[in-house]
Every structure is written in C-alpha cells, then in structure tokens.
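Below, chain A is the first sequence line, B the second, and so on; all start at residue 1. A quick note: this is a predicted structure, and the numbers were derived from the prediction, not measured. These numbers come from the heavy atoms of this one structure, side chains and all, not from hydrogens, waters or symmetry mates.
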There are 2 protein chains.
Amino acid sequence: MSEGASTLLAAAGLRATPQRTAIVGELVREPNDVTAQELHDRLRARGGSAPGLATVYRTLTRLAEAGVVDALTHHAGELCYRVCGDDHHHHFVCSRCHRVVEIGDCRIDAWLDDLAGRHGFDVTGHRVELEGVCAGCR
Amino acid sequence: MSEGASTLLAAAGLRATPQRTAIVGELVREPNDVTAQELHDRLRARGGSAPGLATVYRTLTRLAEAGVVDALTHHAGELCYRVCGDDHHHHFVCSRCHRVVEIGDCRIDAWLDDLAGRHGFDVTGHRVELEGVCAGCR
DNA sequence: CTTCCTGCAAAGCATTTGCATCCAT
DNA sequence: ATGGATGCAAATGCTTTGCAGGAAG
C-alpha cells in the first residue's frame with residue numbers, strides 16, 4: 001500500500017502544513033501524472049480553502065528535489081508530477097488521445113552498464129518516453 | 001557530407017527566404033543542440049541584418065513539424081533544436097556540467113517490438129535521456 | 001498577382017519571486 | 001520565539017500571435 005501524506009513530507013524534510021498535506025494527499029490519490037496547475041484546480045474543486053498556486057509550485061519543486069516525486073516533461077513547456085513508486089517504469093504517450101500509459105518492464109540496464117563502462121559515465125538515472133498511437137486510437 | 005540549407009528548406013516545403021537560409025545554415029553548422037534564442041544570438045553575432053527572434057521561432061517550429069529538425073527538451077521549459085541526421089541516437093546529459101553527449105548505439109528495438117505486440121501500440125518514436133555525471137566531472 | 005513571410009510589439013503561459021504576514025515546531 | 005511557509009501580485013522567461021508592409025513563386 002502507498003505511503004501517507006505526512007510520511008512523504010517527512011521523507012522530504014518539509015514541515016507538515018495543512019496546505020502541503022492537502023497537496024501530497026491529492027497527489028497520492030492521483031493515478032496519472034498531473035501538472036501543478038491541474039493539481040491546483042483539483043484542490044480548488046474540493047472546495048474550502050485550497051493552497052495557492054505558488055504554494056503548489058513550491059511544494060512540488062521541493063518534493064521533486066527530495067526525490068519523493070518525479071518531474072516529467074511529456075510535452076515541452078509543461079512539467080508533470082507523480083509520486084515516485086518503488087517501481088521503476090517509463091511512459092508511452094499516445095500522440096492522438098494524449099493518454100499516458102505506464103510501461104513496467106524496463107530492459108535497458110545491460111545497455112546502460114555497457115555505456116557506463118565505455119564512456120566512463122556514472123549514469124544515475126534515465127528516462128524513456130515512447131510515442132505512437134495506442135490500441136484504442138487505431 | 002551534410003545537406004545544404006536550401007535542400008532542407010525544400011524538404012520542409014518552405015519558401016527559401018534569406019532569413020530562413022541563414023537560420024538553417026547556422027543550424028547545420030552547429031554540432032550541438034541549440035535553443036531558438038541561442039540561434040538568434042549567433043545570427044546577430046554574425047553581424048548584418050539577422051532574422052528576428054519571432055522568425056527564428058516560426059522557422060524552427062515549421063522545420064520540426066516537417067521532421068527536418070529534432071526538437072528536444074533536455075531541461076524543462078526550453079526546447080533545443082538540431083538538424084536530424086540519418087543516424088538514430090539519444091543523449092546523455094551531465095547533471096554537473098550540463099554537457100550533452102550523443103549516444104549512438106540504441107538497443108531498445110527488441111523491447112519496443114515486444115511492447116507493440118503486447119499492448120497493441122503502434123510505436124512511432126521514442127526518446128531516451130540518460131543523466132548522470134560525465135567522466136570529466138568525476 | 002496572390003500567397004506566403006517578416007518584423008515588431010503586444011499577448012500568452014507556465015513558473016518564480018518579493019514581501020508582509022502567519023504558523024509549525 | 002523564530003525560522004520556515006503562505007498568499008497575493010508583480011516579475012520572469014520562453015514562446016506565440018496580430019497586423020501591416022514586403023517579397024517569393
């Protein structure tokens with residue numbers, strides 16, 4: 001099961017304010033990647049006093065720095081966030097319906113090891129984005 | 001040898017204006033990825049009447065749509081362009097010096113075929129970005 | 001000629017920041 | 001109490017667009 005909001009905040013070394021708890025709570029509840037703006041909209045939609053947009057941005061930035069959430073750029077000029085699972089995965093983006101499908105099995109480790117050895121790189125992370133047309137859109 | 005500026009413009013179905021010729025010429029001459037702004041700066045640095053920034057943006061956008069240049073997002077919020085070679089390759093970005101190294105050997109085709117079969121995707125393209133610390137920065 | 005381009009400046013977005021106030025710890 | 005957080009609005013930075021004059025085919 002997934003971690004609670006306060007746990008994630010603690011892991012990032014951030015104070016547990018009601019705003020941040022709301023933000024992380026919403027993010028945990030969200031199965032897809034979301035932009036800061038989308039997250040902000042959802043918080044407002046829940047009614048009550050939602051955190052300001054600036055706070056959403058600040059919080060997401062901190063969480064990403066702490067490695068608690070992943071920041072991805074599916075489209076240029078817009079960052080998408082999602083809670084880091086323990087699972088390593090990549091994404092397939094349908095160029096027609098823009099649906100993002102998670103790809104679980106990553107098979108590039110052997111390649112990376114080889115590159116590290118050959119170029120002397122210390123490869124700390126990698127991102128793979130596939131694009132194409134999904135089954136439903138064909 | 002690489003193609004001339006006018007050839008690339010023709011391939012994209014764009015009129016060969018002096019501005020566009022200058023832009024593509026500069027892009028062909030450039031071994032690294034450049035942003036629209038960098039390209040604009042270089043053109044101005046050459047003296048004479050350089051194309052306006054808006055024209056640089058418009059031209060790069062058209063060329064990217066036509067598949068003549070690649071648009072990449074190494075950092076979020078900024079597009080980098082480069083002329084498409086015939087070669088398929090990916091990038092390694094050093095998180096310390098931000099140097100971008102081209103990785104020539106792509107070994108994910110088998111994986112992609114498998115995914116296509118399993119999910120029913122029509123995978124038309126993919127992007128791999130590696131990050132880490134380069135040999136010089138260690 | 002007609003359609004497409006260009007330059008310039010203004011507009012648009014996503015994101016960041018300044019600053020006074022406020023709240024966890 | 002006190003350093004970190006928040007909200008709001010203004011500021012930024014990259015990119016796009018509207019429009020009137022110009023040039024390519």
J.: What salt bridge (Lys or Arg N to Asp or Glu O under 4.0 Å) pairs are there with at least one residue in residues 40-58 of chain B, not counting sequence neighbours?
T.: E26(B)-R46(B), E30(B)-R42(B)
J.: Quick one, which residues of residues 13-23 of chain B touch DNA chain D with a heavy atom under 4.0 Å?
T.: R15(B), A16(B)
J.: Which pair of non-hydrogen atoms, one from Y81(B) and one from L79(B), has the smallest distance, and what is that distance?
T.: OH-CD1, 3.6 Å
J.: Taking any atom closer than 4.0 angstrom to a non-hydrogen atom of chain B, what span of DNA chain D does the protein reach, first nucleotide to last?
T.: dC14(D) to dG25(D)
J.: What is the distance from atom CD1 of I103(B) to atom CG of L115(A), rounded to the nearest 0.5 Å?
T.: 5.0 Å
J.: Would you kindly confirm whether L60(B) and L43(B) end up in one hydrophobic cluster when ILVMFWY residues are joined by side chain heavy atoms under 4.5 Å apart?
T.: yes
J.: In whole Å, I'd like the distance from the CG atom of L39(A) to the C1' atom of dT15(C).
T.: 15 Å
J.: Between protein and nucleotides 10-12 of chain C, what N or O pairs are separated by less than 3.5 Å?
T.:
none

J.: If I compare all heavy atoms of V24(A) with all of A5(A), which pair ends up nearest, and what's the gap?
T.: CG1-CA, 3.6 Å
J.: Restricting to pairs with a member in residues 99-138 of chain B, which pass ring pair (Phe, Tyr, Trp, His ring centres under 6.0 Å), not counting sequence neighbours?
T.: F92(A)-F121(B), H88(B)-H126(B), H90(B)-H126(B), H119(B)-F121(B)
J.: Find the distance L9(B):CG to dT6(C):C1' and express it as a whole number of Å.
T.: 15 Å
J.: Any side-chain heavy-atom pair from N32(B) and V100(B) closer than 4.5 angstrom?
T.: no
J.: What is the distance, rounded to the nearest whole Å, between atom CZ of R62(A) and atom C1' of dT16(C)?
T.: 12 Å
J.: Distance-only check: which donor-acceptor pairs under 3.5 Å involve side-chain atoms of residues 62-77 of chain B, not counting sequence neighbours?
T.:
residue, atom, partner, partner atom, Å
H74(B), ND1, E129(B), OE1, 3.2
H74(B), ND1, E129(B), OE2, 3.4
H74(B), NE2, D33(B), OD2, 2.7

J.: When rounded to the nearest 0.5 angstrom, what is the spacing between CZ in R20(A) and OG in S6(A)?
T.: 13.5 Å
J.: Just how large is the angle between the end axes of the helix from dC1(C)-dG25(D) to dT25(C)-dA1(D), five pairs per end, to 10 degrees?
T.: 40°
J.: State which residues pass side chain to side chain donor-acceptor pair (under 3.5 Å) with E131(A); sequence neighbours excluded, sorted by chain then number.
T.: none
J.: When hydrophobic residues are tied together by side-chain contacts of less than 4.5 Å, even through go-betweens, does V128(B) share a cluster with V133(B)?
T.: no
J.: Describe the nucleic acid contact of T61(B) in one word from base, sugar-phosphate, nothing, applying a heavy-atom distance below 4.0 Å.
T.: sugar-phosphate
J.: Mind running a 4.0 Å heavy-atom check of residues 67-78 of chain B against DNA chain D and sending the residues that fall below it, in number order?
T.: G77(B), E78(B)
J.: What's the shortest heavy-atom distance between V83(B) and L8(B), and which atoms?
T.: CG1-CD1, 4.2 Å
J.: How long is the span from the OH atom in Y57(B) to the CG atom in L39(B), to the nearest 0.5 Å?
T.: 10.5 Å
J.: Drop me the distance from I23(A)'s CD1 to H40(A)'s NE2, to the nearest 0.5 angstrom.
T.: 9.0 Å
J.: Quick check: is V101(B) connected to V93(B) through a chain of hydrophobic side chains (ILVMFWY, heavy atoms under 4.5 Å apart)?
T.: no
J.: Answer whether the closest heavy-atom distance between the side chains of Q19(B) and T59(B) falls below 4.5 Å.
T.: no
J.: D114(A): which residues meet the side chain to side chain donor-acceptor pair (under 3.5 Å) condition with it, sequence neighbours left out?
T.: R118(A), R107(B)
J.: Enumerate the residues from residues 41-57 of chain A whose closest heavy atom to DNA chain D is under 4.0 Å, giving them by residue number; use none for an empty result.
T.: A50(A), P51(A), G52(A), A54(A), T55(A)
J.: List in chain and number order the residues that pass side chain to side chain donor-acceptor pair (under 3.5 Å) with E78(B), two or more places apart in sequence or in another chain; answer none if no residue qualifies.
T.: none
